[in-house]
Asker: 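Below is the structure I would like to discuss, written out as structure tokens.
The figures that follow rest on heavy atoms only: side chains count, while hydrogens, waters and symmetry mates do not. Proteins come first, then strands; the chains are lettered A, B, ... in the order of their sequence lines, and each starts at number 1.
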Amino acid sequence: DQQVKQNSPSLSVQEGRISILNCDYTNSMFDYFLWYKKYPAEGPTFLISISSIKDKNEDGRFTVFLNKSAKHLSLHIVPSQPGDSAVYFCAASARAAQGAQKLVFGQGTRLTINP
Amino acid sequence: GAVVSQHPSWVICKSGTSVKIECRSLDFQATTMFWYRQFPKQSLMLMATSNEGSKATYEQGVEKDKFLINHASLTLSTLTVTSAHPEDSSFYICSGDGVYGYTFGSGTRLTVV
């Protein structure tokens, strides 16, 4: 049962344009969402997160939008740069529960920024 | 910021041998350490959750006798793959939960031949 889904395995965007990565989830207990960037043979690097009490969080070129009713979140990168080429994972957790909560990851989307 | 140092970054071992992977939180105390596994072109799948000084909690389908986890201190957690087989070849990543949130190690590429 895939609780977090990234339905696009790959995305190609022109440099300077907007990259939009999508993520859907099924577990209504999730209340904290994160986006990670990952290069091959390296650990994930945290990009941005959002709590379920918000619908938008912005940090520089990265903005995450959360639509709770649709159980959908998206990551917008603008403007896209060649260095943004990587695999992007969305992850979710249920922080309301006690103790440290595990992250459930989507399958990842490989983003390629073309010069 | 927080750093989790993971070693080795890659290892090749013979089938039937054991391999130990270490994760150290360098500038924070990780009360909880998560261990993930990633197969090629797949997501990171949680294997187990370990809390300092107590037994690890394993996810369904993960053999606790095969993947031994020790979290003896707030800065060190180890994963030992016992009697490794080729199907255990994967990318293993740890993540410490501290005041800075989830911090991931750099991963270990295990190849069993």
Side-chain angles (χ1 to χ4, degrees), chain A residues 1-11 21-27 30-51 57 59 64 86-112, chain B residues 1-11 21 23 29-52 54 56-62 71 74 77 90-111:
Chain A
D1 176 30
Q2 190 75 25
Q3 297 185 67
V4 178
K5 297 180 184 179
Q6 292 175 259
N7 292 317
S8 298
S10 63
L11 176 67
L21 297 103
N22 294 302
C23 180
D24 297 292
Y25 62 96
T26 57
N27 190 339
F30 289 147
D31 56 5
Y32 189 60
F33 305 90
L34 309 91
W35 282 94
Y36 286 87
K37 179 179 179 180
K38 186 179 182 301
Y39 295 111
E42 292 184 13
T45 302
F46 171 75
L47 278 176
I48 193 168
S49 63
I50 189 167
S51 164
N57 188 27
D59 184 2
V64 55
V87 177
Y88 289 78
F89 288 95
C90 70
S93 74
R95 292 183 82 187
Q98 277 192 335
Q101 292 304 307
K102 64 184 182 184
L103 293 178
V104 179
F105 284 85
Q107 308 95 310
T109 296
R110 180 175 299 280
L111 176 64
T112 303
Chain B
V3 175
V4 172
S5 176
Q6 183 171 347
H7 293 282
S9 55
W10 61 271
V11 58
I21 302 170
C23 275
Q29 293 183 329
T31 308
T32 302
M33 193 72 80
F34 300 96
W35 286 93
Y36 295 85
R37 179 169 55 184
Q38 184 188 23
F39 292 106
K41 297 185 179 179
Q42 293 189 26
S43 182
L44 285 78
M45 298 299 295
L46 181 68
M47 298 174 65
T49 303
S50 73
N51 291 297
E52 184 264 337
S54 63
T57 303
Y58 290 81
E59 295 298 303
Q60 193 172 11
V62 178
H71 195 164
L74 288 171
S77 178
S90 185
F91 190 62
Y92 294 84
I93 310 173
C94 62
S95 172
D97 184 55
V99 293
Y100 299 104
Y102 305 94
T103 302
F104 285 83
S106 53
T108 298
R109 169 72 61 193
L110 170 63
T111 302

Asker: Test side chain to side chain contact (heavy atoms under 4.5 Å, CB included) on A/K102 and B/T57; report intermediate values, then the result.
Answerer: CA-CA 11 Å; A/K102 64 184 182 184; B/T57 303; over 6 Å; no

Asker: Which region of A/Y36, side chain (C-beta onward) or backbone (N, CA, C, O), has a non-hydrogen atom less than 4.5 Å from a non-hydrogen atom of chain B, or is it both or neither?
Answerer: side chain

Asker: Please report the interatomic distance CG(A/L103) to CZ(B/F34), rounded to the nearest 0.5 Å.
Answerer: 6.5 Å

Asker: Report which part of A/L34 has an atom under 4.5 Å of a heavy atom belonging to chain B: side chain, backbone, both, or neither.
Answerer: side chain

Asker: For B/I93 and A/P44, work out which heavy atoms get closest and say how close.
Answerer: CD1-CD, 3.9 Å

Asker: If we define contacts as heavy-atom pairs under 4.5 Å, which of A/S49, A/G108, A/A41, A/S93 has the most with chain B?
Answerer: A/A41

Asker: So, for B/Q38 and A/F89, which heavy atoms are closest and what is the spacing to 0.1 Å?
Answerer: NE2-CZ, 3.4 Å

Asker: Between B/L46 and chain A, with a heavy-atom cut-off of 4.5 Å, which part of the residue counts as in contact: side chain, backbone, both or neither?
Answerer: side chain

Asker: Specify which of B/Q6, B/R109, B/E59 makes the most heavy-atom pairs with chain A at under 4.5 Å.
Answerer: B/E59

